[in-house]
Amino acid sequence: MRIDGKPYRTIWLAADGETVEIIDQTRLPHDFVVLRLETLEQAAHAIRAMQVRGAPLIGATAAYGLALAMRADPGDDNLAAAGAALLETRPTAVNLRWAVESVSAALRPLAPAARPAEAYARAAAICDEDVEICRAIGEHGKGLIERVRAAKGDTGPVNLLTHCNAGWLATVDWGTALAPIYMAHDAGIPVHVWVDETRPRNQGAGLTAWELAQHGVPHTVIADNVGGHLMQHGEVDLCITGTDRTTASGDVCNKIGTYLKALAAHDNGVPFYVGLPGPTIDWRVEDGLSEIPIEQRDGRELTEVTGRTAGGEIATVRITPEASPAANYAFDVTPARLVTALITERGVCPASAEGLLGLYPEQAAAGRAAEG
Ligand code: MRU
């Protein structure tokens, strides 16, 4: 996507071919800062501190983290230690485990001297694949928006609601939930996006709004509690969110508050779609509520707010009483029954085991083989 007209991905290799560069998402929307990652520790910190975030981008950064570790020491012990360090950074997005396991499995049989080049090649391939996956999600999802437009006729833009940031900043490019919106907009379909602010870290207000503004997509930031009211009054034609982990039965784990939007959508007959790349499906997990670890983050993300003052400075202020404790749950699970359909790179399917296996039949064979 473009920033001030210049094309960017969210992660790329510097001119030296080894240093990794990222956009520091903790500085957006006020400052555009590119960070250099030269070590495994810096890559792990970038994921933990959410300088990079969003399930697909976390996976891509972890893959490059392994490459940086192999550059420093390609031995067996360091390969195992680097994977373990990366897996500890954030617990919920399954793309992290997928990237660490798949790159590590490819490196293990190789002689140490061959590992750095292979690790960089694998990381680059994960990035390129993510871009293609997200492009395909965009194409499939655009069809859903076109259908709403056709049904609505010329009575105003298609109004979409999204939560958190599942745009290009959350992936390598395009995004998952936002890719269909970008493609519909680019195809001339009038769209308008209600952007949930997404407390406590404000990924909607800070990141989604910034992305949409850069691309010229009409949008309005709303407080997290507004969506239900808008749906009751016919102001939302469809919801699209992303997911950090989708179970084999179609439950969806996404940014905290997604579940409440799905409930409101269900109550008001508003379609609730979830965009996801294949690597976000955890085929080992059936029940989202009991089996997915929900990240709990530092309470200061809730008790403090950072923004730009009228004088132009970035400042952090406390908004709760000093004595009040805070609980910062980062994700929740939306049961499959509340999801109208899943939008994947292979097409749109019901949020169910049958729906997913219809698009990913090789997983049925893998499951049978595992059962022996
Ligand atoms: O805590 P974050 O900002 O990493 O959470 C991100 C989300 O919840 C996204 O919706 C999800 O990763 C899907 S990204 C395409």
Side-chain angles (χ1 to χ4, degrees), residues 1-39 42-62 64-65 68 90 123-124 127-128 130-131 134-135 138 162-179 181-182 185-186 193 195-221 242 255 301 304-317:
M1 304 300 273
R2 290 173 182 273
I3 300 171
D4 297 332
K6 185 176 166 198
Y8 274 91
R9 284 184 174 187
T10 51
I11 187 164
W12 64 92
L13 278 185
D16 66 10
E18 292 192 335
T19 304
V20 179
E21 294 191 332
I22 57 167
I23 299 166
D24 183 352
Q25 299 193 21
T26 64
R27 305 287 295 273
L28 290 171
H30 305 297
D31 293 316
F32 180 77
V33 176
V34 171
L35 279 182
R36 291 168 70 84
L37 308 178
E38 298 187 352
T39 64
Q42 288 172 345
H45 173 77
I47 297 172
R48 199 179 304 110
M50 295 176 66
Q51 291 167 331
V52 290
R53 25 96 18 230
L57 181 56
I58 291 171
T61 308
Y64 271 121
L68 292 169
R90 295 193 70 188
C127 289
D128 290 345
D130 182 64
V131 176
C134 289
R135 191 193 308 279
T162 193
H163 192 69
C164 193
N165 172 263
W168 75 270
L169 287 170
T171 63
V172 178
D173 206 349
W174 283 107
T176 56
L178 295 195
I181 298 174
Y182 287 129
H185 172 80
D186 290 352
V193 187
V195 179
D196 282 353
E197 61 175 344
T198 318
R199 285 281 291 145
R201 286 186 67 103
N202 293 319
Q203 289 96 326
L207 302 178
T208 299
W210 181 79
E211 270 193 33
L212 292 172
Q214 286 285 334
H215 202 82
V217 179
H219 63 281
T220 307
V221 178
K255 181 54 54 192
E301 292 183 349
E304 298 174 355
V305 169
T306 300
R308 170 167 274 169
T309 67
E313 280 165 19
I314 304 299
T316 299
V317 295

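Because the structure is predicted, anything quoted here is derived from the model rather than measured. Worth knowing before you read on, the calculation uses all heavy atoms, side chains too, and leaves out hydrogens, waters and symmetry mates. Nothing fancy with the numbering, it's 1 onward along the sequence.
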* **Closest contact, heavy atoms only, A49 versus T26** => O-CG2, 3.5 Å

* To do: Would you indicate whether R199, at its atom CZ, is surrounded by more than 12 heavy atoms from other residues, nucleotides or ligands within a distance under 6.0 Å?
  => yes

* To do: Would you give the length of the straight line joining atom CD1 of I23 to atom CG of D31, rounded to the nearest 0.5 angstrom?
  => 13.5 Å

* State, yes or no, whether a side-chain contact exists between R9 and D128 at a heavy-atom distance under 4.5 Å. => yes

* I3 CD1 to E211 CD distance, which is reported to the nearest 0.5 Å -> 9.0 Å

* To do: Determine yes or no for a side-chain-to-main-chain donor-acceptor pair under 3.5 angstrom, with D16 supplying the side chain and T19 the backbone.
  => yes

* Could you tell me whether the side chain of E21 and the main chain of V34 form a donor-acceptor pair under 3.5 Å? => no

* State, to 0.1 Å, how close T39 and L68 come at their nearest heavy-atom pair, and which atoms those are. => O-CD1, 3.6 Å

* Asked: Can you tell if the side chain of T61 reaches within under 4.5 Å of the side chain of I58, non-hydrogen atoms only?
  -> no

* Asked: Quick one: are V52 and I47 in side-chain contact, heavy atoms under 4.5 Å?
  -> yes

* Structure fact -> Shortest non-hydrogen pair, W174 vs W168, comes out as N-CB, 3.2 Å

* How long is the gap from CZ on R308 to CD on E313, to the nearest 0.5 Å? -> 10.0 Å

* Which pairs with one or both residues in residues 42-62 pass ring pair (Phe, Tyr, Trp, His ring centres under 6.0 Å), sequence neighbours excluded? -> none

* Closest approach of C134 to G175 (non-hydrogen atoms, all atoms of both residues) -> CB-O, 3.1 Å

* **Expected output: side-chain Q25 to main-chain L207 donor-acceptor under 3.5 Å** => no

* Heavy-atom distance under 4.5 Å between the side chains of P218 and H185, does that happen here? -> yes

* Is any side-chain N of the basic residue among R36 and E38 closer than 4.0 Å to the acidic one's carboxylate O? -> yes

* To do: Classify the side-chain pair D196/T198 by whether it contains a donor and acceptor separated by less than 3.5 Å.
  => no

* Asked: Rounded to the nearest 0.5 Å, how far does CG of N202 lie from CG of L28?
  -> 13.0 Å

* To do: Give, for atom CG of L212 and atom OG1 of T162, the distance between the pair rounded to the nearest 0.5 Å.
  => 8.5 Å

* Between L35 and Q42, does a side-chain contact (heavy atoms from CB on, under 4.5 Å) hold up when you go through it step by step? -> CA-CA 10 Å; L35 279 182; Q42 288 172 345; over 6 Å; no

* From CA spacing to verdict: side-chain contact (heavy atoms from CB on, under 4.5 Å), W210, N165 -> CA-CA 10 Å; W210 181 79; N165 172 263; over 6 Å; no

* Asked: What is the minimum heavy-atom distance between V221 and A209, and which atoms define it?
  -> CG2-CB, 3.8 Å

* Side chain to side chain, I11 and C127, heavy atoms closer than 4.5 Å -> yes

* Given the rule in the side-chain contact (heavy atoms from CB on, under 4.5 Å) test, do V217 and L178 qualify, once you have shown the distances and angles that lead to the verdict? -> CA-CA 10 Å; V217 179; L178 295 195; over 6 Å; no

* Asked: Hey, are the side chains of R201 and K255 touching, using non-hydrogen atoms and a 4.5 Å cut-off?
  -> no

* Which heavy-atom pair separates I22 from A46 by the least distance, and what is that distance? -> CD1-CB, 4.0 Å

* Asked: Do the side chain of T10 and the main chain of T171 share a donor and acceptor less than 3.5 angstrom apart?
  -> yes

* R53 and Q203, any side-chain heavy atoms less than 4.5 Å apart -> yes

